[in-house]
Student: 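Dropping a structure here in structure tokens format, bear with me for questions.
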Amino acid sequence: RQVRPSGFCRVRAQRKRSARGSGPLLLAFFHPYVSGGGGGERVLWKMIQELLMLQKENATKLFKIIIYTVDEPKPSYAQDLLEHVRDRFSIDLTDREMEAESTLSYVHLNEYKHYLQPASRLSLLVESFGTMQLAWKGLTFGDKWDLIPDIFVDTTGCAFTFVVANLLLGCRVWAYVHYPTISTDMLQLVWEQRRAAYNHANYIAQSKVATAVKLVYYCMFAVLYGLTGSLASVVLVNSTWTYNHIKSLWKWAAWQQRIQIVYPPCQVSQFQHNQVLTKNSKHRENVILSIGQFRPEKDHVLQIEALAKFLEEHPRWKGRVKLVLIGSCRGESDRQRLEHLKGLAESHHWDTSTIEFVVNQPYSVVQSWLSKASMGIHTMWNEHFGIGIVEMMAAGVIAIANNSGGPRSDIVSTTESERSGFLASTAEEYADSIHRVLETLSAEEIAQIRHRARVSAARFSDEVFARKVREVYEKNLLLK
């Protein structure tokens, strides 16, 4: 009887795992851009930190951890990376007692980085297939397959890698999902609104035939996405919004009750204990603060439109209120987008007294602006969570967030008796919220909103995340 390739792979992988005997469990984290500085990377390193803490408390070698990365190798890579994690995220894994250097190892897949390049056509399928190829290269790294893990952990939302890890190689699969690759909201965008967006070309939005074809494509992809996602035995999601979408798509995982919400860790404590950052309105400036990479989905254009609308309706505030956009540029496309935003500001004849761009600056600069600003603005449609919003609230900055996704479902309360911020969708709504904060609300009402926001932000602290993740580890690794 001929053995199928998939069966052969599983058998070979299982033999490699069995050959390790009763030694430490091998956990592999799929996070190609591990040296990044975003919220996804902070989730990854807090999860790893908790694993190392468990190992330290048990005084025995429980785990070996592999991270798949497309970073190029160099002699000081491990040390430089841990120092970056310490400086960027305030997560210190350099303590010798943590045994990070002996527990962590890295599989460098820089030769296959091209698998992650964006596709111009059929991007969902092509890019998902690229992640499968990269996962295969990582999981089977080396001629002898000696690094086949017991547990494959995806922290980047690449569900199609589960096919390689689970079906082909028999690994248990865990996932922390920040954002569904496809959602019913994406289908709604294509069909009901039929408008152009950063991921929805104008020629499709204007054509009924093209719209119908894209809908069929999206529906077919959603079915595949649901099948692959359901291969995960542990599924953590970062918000109620993400939970609802993943539950509706990953049917088997939902039926097996494998999905649970674990809010991402936010640096809340340092803001709430810092009197400078939480000072009252009298010591704050009329600054509207925006925090986020200069990516298309962040919709910084809407922020400029909102300020323009506010100044048009309330011209007496010209020169008295300022929009500060803090963010980073990942590459040339982001830099071009930044130049476009600067061009928009010039078209309104604004100078640095009205708008300022703060680009690629250290986190200390962000903290400095958080101590000055009165308001924060967030305009991304269907943001899965919104760490920047939480940090604003914890620092006493009144958040005006987009009326969608995680900000609406989990973070900002707009019930008047429990208000912790504002929600808006259009430039007019954002302008109205700005006006309310600057003129309509009393000092006492502003103080109450700030207080509620700071109290609410405590739900998303590092400590809460660590406790939730610890419970997941102890339950699924049978450590108790």
Student: For a side-chain hydrogen bond (donor to acceptor under 3.5 Å, both in side chains) check, start with the C-alpha distance between T131 and S128, then their side-chain angles and the critical distance, and finish with the verdict.
Tutor: CA-CA 5 Å; T131 64; S128 295; 5.3 Å; no

Student: Between E127 and T181, is there a side-chain heavy-atom distance shorter than 4.5 Å?
Tutor: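 Contact flag for T181/E127 side chains = no.
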
Student: Say whether S239 and T242, considering side chains only, have a donor N or O and an acceptor N or O under 3.5 Å apart.
Tutor: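 Yes - a donor-acceptor pair under 3.5 Å links their side chains.
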
Student: Any side-chain to backbone donor/acceptor pair from R337 onto H300? Under 3.5 Å, distance only.
Tutor: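 No: the side chain of R337 does not pair with the backbone of H300.
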
Student: Any donor and acceptor pair, going by atom type alone, linking the side chain of R258 with main-chain N or O of S230 inside 3.5 Å?
Tutor: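 Side chain of R258 to backbone of S230: a pair is present.
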
Student: Would you call R459 and D410 a salt bridge, taking side-chain N to carboxylate O under 4.0 Å as the test?
Tutor: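 Not counted as a salt bridge, because no side-chain N and carboxylate O are separated by less than 4.0 Å.
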
Student: Measure up the F310 and W317 rings against each other and bin them: parallel (under 30°), tilted (30 to 60°), perpendicular (over 60°).
Tutor: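 Geometry flag for W317 against F310: tilted rings.
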
Student: Any side-chain donor-acceptor pair under 3.5 Å between S35 and D71?
Tutor: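 Yes, D71 and S35 have a side-chain donor paired with an acceptor closer than 3.5 Å.
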
Student: Would T156 and H31 count as having a side-chain donor-acceptor pair, cut-off 3.5 Å?
Tutor: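 No, H31 and T156 have no side-chain donor paired with an acceptor closer than 3.5 Å.
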
Student: Using a strict cut-off of less than 4.0 Å between a Lys/Arg side-chain nitrogen and an Asp/Glu carboxylate oxygen, indicate whether R436 and E445 qualify as a salt bridge.
Tutor: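 Result for this pair is no, no salt bridge flagged.
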
Student: Tell me yes or no: between the side chains of E383 and S404, is some donor less than 3.5 Å from an acceptor?
Tutor: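 On atom types as modelled, these side chains do not qualify, holding no pair under 3.5 Å.
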
Student: In Å, rounded to the nearest 0.5 Å, how long is the span from CG of N360 to CZ of R335?
Tutor: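 N360 atom CG to R335 atom CZ measures 8.5 Å (nearest 0.5 Å).
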
Student: For the pair H348 and W350, name the ring-plane relationship: parallel under 30°, tilted 30 to 60°, perpendicular over 60°.
Tutor: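 Ring orientation, 0 to 90° scale: parallel.
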
Student: Please examine the side chains of K46 and D462, heavy atoms only from C-beta on, and report whether any two atoms are closer than 4.5 Å.
Tutor: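 Sidechains of K46 and D462: in contact.
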
Student: If you draw a 6.0 Å radius around CD in E444, do more than 12 non-hydrogen atoms from other residues or ligands fall strictly inside?
Tutor: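 Incorrect, the count does not exceed 12.
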
Student: What's the verdict on side chain to side chain contact (heavy atoms under 4.5 Å, CB included) for E356 and L325, showing C-alpha distance, side-chain angles and the deciding distance?
Tutor: CA-CA 6 Å; E356 183 174 345; L325 296 94; over 6 Å; no

Student: Do any N or O atoms from the side chain of S461 and from the backbone of V464 form a donor-acceptor pair under 3.5 angstrom?
Tutor: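 Yes.
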
Student: Less than 6.0 Å separating the ring centroids of F385 and Y179?
Tutor: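 Aromatic pair excluded; centres sit 6.0 Å or further apart.
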
Student: Below 4.5 Å, heavy atoms only, C-beta onward: do N238 and Y263 meet side chain to side chain?
Tutor: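 In short, these two side chains do not touch, never coming nearer than 4.5 Å.
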
Student: Test side chain to side chain contact (heavy atoms under 4.5 Å, CB included) on L52 and K56 and set out the steps.
Tutor: CA-CA 6 Å; L52 295 175; K56 177 182 175 181; over 6 Å; no

Student: Find out whether V324 and V358 are in side-chain contact, i.e. whether some heavy atom of one side chain is under 4.5 Å from a heavy atom of the other.
Tutor: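 Side chain of V324 against side chain of V358, heavy atoms only: contact under 4.5 Å found.
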
Student: Checking T94 against E83: is there a side-chain donor and acceptor pair closer than 3.5 Å?
Tutor: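 Absent: no donor and acceptor within the cut-off.
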
Student: Find out whether T354 and L307 are in side-chain contact, i.e. whether some heavy atom of one side chain is under 4.5 Å from a heavy atom of the other.
Tutor: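 Side-chain contact under 4.5 Å: yes.
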
Student: Hey, does P265 have a side-chain heavy atom less than 4.5 Å from the side chain of F460?
Tutor: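 Side chain of F460 against side chain of P265, heavy atoms only: no contact under 4.5 Å found.
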
Student: Using a strict 4.0 Å threshold on nitrogen-to-oxygen distance, state whether D432 and K309 make a salt bridge.
Tutor: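 Salt bridge between D432 and K309, a charged N being under 4.0 Å from a carboxylate O: no.
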
Student: Would you indicate whether Q257, at its atom CD, is surrounded by more than 12 heavy atoms from other residues, nucleotides or ligands within a distance under 6.0 Å?
Tutor: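 No - once you tally the heavy atoms of other residues, nucleotides and ligands closer than 6.0 Å, there are 12 at most.
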
Student: Assess R419 against F422: is NZ or CZ under 6.0 Å from the centre of the six-membered ring, and within 45 degrees of the ring's axis?
Tutor: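 Cation-pi check for R419 and F422: passes.
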
Student: Nearest 0.5 Å please: distance from the CH2 atom of W45 over to the CG atom of L81.
Tutor: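 Answer rounded to 0.5 Å: 4.5 Å.
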
Student: Is there a side-chain contact between D154 and Y176 (heavy atoms, below 4.5 Å)?
Tutor: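 They are not in side-chain contact.
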
Student: Does the gap between the ring centers of Y106 and Y77 come in under 6.0 Å?
Tutor: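 So the answer is yes for these two rings.
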
Student: Taking the six-membered ring for Trp, are Y243 and H245 closer than 6.0 Å centroid to centroid?
Tutor: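 So the answer is no for these two rings.
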
Student: Are K322 and E285 within salt-bridge range, i.e. N to O under 4.0 Å?
Tutor: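 Here K322 does not pair with E285 in a salt bridge, since their nearest N and O are not under 4.0 Å apart.
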
Student: Using a cut-off of 6.0 Å, state whether more than 12 heavy atoms not belonging to E439 lie near its atom CD.
Tutor: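 Enclosed: over 12 neighbouring heavy atoms sit under 6.0 Å from CD of E439.
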
Student: Please determine whether a side-chain nitrogen of the Lys or Arg among E463 and R467 lies less than 4.0 Å from a carboxylate oxygen of the Asp or Glu.
Tutor: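 No, no charged N to carboxylate O under 4.0 Å.
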
Student: Going through the distances and angles, do I48 and L104 end up as a side chain to side chain contact (heavy atoms under 4.5 Å, CB included)?
Tutor: CA-CA 9 Å; I48 290 175; L104 290 171; 3.9 Å; yes

Student: Which is it for L441 and I449 under the side chain to side chain contact (heavy atoms under 4.5 Å, CB included) test, yes or no, and what are the steps along the way?
Tutor: CA-CA 10 Å; L441 297 175; I449 294 173; 3.8 Å; yes

Student: State whether a side-chain donor-acceptor pair under 3.5 Å links T379 with N402.
Tutor: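 Their side chains do not contain a donor-acceptor pair, so the 3.5 Å distance test is not met.
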
Student: Between atom NE2 of H378 and atom CE of M380, what is the distance when rounded to the nearest 0.5 Å?
Tutor: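 One gets 6.5 Å once the value is rounded to the nearest 0.5 Å.
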
Student: Counting distance only, does the side-chain N/O of Y225 pair as donor-acceptor with the main-chain N or O of F160 below 3.5 Å?
Tutor: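 Absent.
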
Student: Looking at F162 versus W174, is the centre-to-centre ring distance below 6.0 Å?
Tutor: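 When the ring centroids of F162 and W174 are compared, they turn out to be at least 6.0 Å apart.
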
Student: Is a side-chain N or O of R408 found less than 3.5 angstrom from the main chain of N403, in a donor-acceptor match?
Tutor: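 It does hold such a pair.
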
Student: Would you compute the distance between atom SG of C158 and atom CZ of F30 and round it to the nearest 0.5 angstrom?
Tutor: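 Rounded to the nearest 0.5 Å, the SG-CZ separation comes to 5.0 Å.
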
Student: So do the side chains of L231 and V173 get within less than 4.5 Å of each other, counting heavy atoms only?
Tutor: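 When only atoms from C-beta onward are counted, V173 and L231 do not touch, as no gap falls below 4.5 Å.
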
